[in-house]
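Here's the structure, in structure tokens; my notes come after.
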Amino acid sequence: AQSVTQLGSHVSVSEGALVLLRCNYSSSVPPYLFWYVQYPNQGLQLLLKYTSAATLVKGINGFEAEFKKSETSFHLTKPSAHMSDAAEYFCAVSEGTGFQKLVFGTGTRLLVSP
Amino acid sequence: KAGVTQTPRYLIKTRGQQVTLSCSPISGHRSVSWYQQTPGQGLQFLFEYFSETQRNKGNFPGRFSGRQFSNSRSEMNVSTLELGDSALYLCASSLGEASGNTIYFGEGSWLTVV
């Protein structure tokens, strides 16, 4: 069964600093991987997804993630943090075979200080 | 195009009662899935419906049920509510016809059981 591990429940950065949120996955089949963001009292918004087309995936709001099969990782990065990036971020893996089921990590709360 | 719409957004129920939550997927999407989000357990998959048939089910008791209508709209029901059912319930939709489809989430329904 697929699983996702997000290292660090909280990550703090200064405005303008690099954002790096870590995600490692476990999957017995080629995975489909997603990053979602959740702002307070809101649902989940898709940032980006990996579906094997390209290992470096660009998403919205300046975020990108790189799929590394050898490391089973899909870390999320952004070169320069903005205050508006403060939110909770979830990495997820899709259980394939046509089912639309996501297995989520425990989430990482990003704190951005001025 | 309208996103995933969930109603009601907030509700308070008493232990032992039942509750029905509604979800309207994005137009053209045939798959609807439900997730429960709590601080302790994180995001957990409840079930997925595709063309009115339950295609996948998570590890929840039988008190949790759902259905999908011919227009793809979906409802989930929780009977005999327990305090532990207090959570954010998220509905998601996708085309549902292939692995790796983008899964879009609604804003969620906040359920408080007292």
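Below, each value reflects all heavy atoms present in this structure, side chains not excepted, and no hydrogens, waters or symmetry copies. Residue numbers begin at 1 in each chain, while the letters A, B, ... track the order of the sequences.
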By a 4.5 Å heavy-atom criterion (distance strictly below it), what part of [X] contacts chain A: side chain, backbone, both, or neither?
X: L95(B); answer: neither
X: F47(B); answer: neither
X: Q37(B); answer: side chain
X: S93(B); answer: neither

Considering non-hydrogen atoms only, spot the tightest contact between K49(A) and T102(B) and give its length.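 The pair with the smallest heavy-atom distance is NZ-OG1, 2.7 Å.
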
In the structure I gave you, are the side-chain heavy atoms of [X] and [Y] within less than 4.5 Å of one another anywhere?
X: V103(A); Y: Q44(B); result: no
X: F45(B); Y: F104(A); result: no
X: L43(B); Y: F90(A); result: yes
X: L102(A); Y: Y35(B); result: yes

Please determine whether residues [X] and [Y] belong to a single hydrophobic cluster, defined as Ile, Leu, Val, Met, Phe, Trp and Tyr linked transitively by side-chain heavy-atom distances below 4.5 Å.
X: V78(B); Y: L88(B); result: no
X: L110(A); Y: L7(A); result: no
X: V19(B); Y: V113(B); result: yes
X: I60(A); Y: Y50(A); result: yes
X: Y25(A); Y: F63(A); result: yes

Side chain, backbone, both or neither: which part of Q45(A) has a non-hydrogen atom closer than 4.5 Å to chain B?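 For Q45(A), there is no contact with chain B at all, as no heavy atom is under 4.5 Å.
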
Compute whether any side-chain donor of one residue and acceptor of the other, for K101(A) and S33(B), lie under 3.5 angstrom apart.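 No - no donor-acceptor pair under 3.5 Å links their side chains.
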
Step through the shown structure and confirm whether more than 12 heavy atoms of other residues, nucleotides or ligands are within 6.0 Å of [atom1] on [X].
X: N71(B); atom1: CG; value: yes
X: R22(A); atom1: CZ; value: no
X: K57(B); atom1: NZ; value: yes

How many angstroms lie between [atom1] in [X] and [atom2] in [Y], if you round to the nearest 0.5 Å?
X: S94(A); Y: N101(B); atom1: OG; atom2: CG; answer: 8.5 Å
X: E107(B); Y: L44(A); atom1: CD; atom2: CG; answer: 9.5 Å
X: Y36(A); Y: L90(B); atom1: OH; atom2: CG; answer: 11.0 Å

Applying side chain to side chain contact (heavy atoms under 4.5 Å, CB included) to N41(A) and R9(B), what does each step give before you reach the verdict? CA-CA 10 Å; N41(A) 299 318; R9(B) 288 294 318 278; 5.6 Å; no

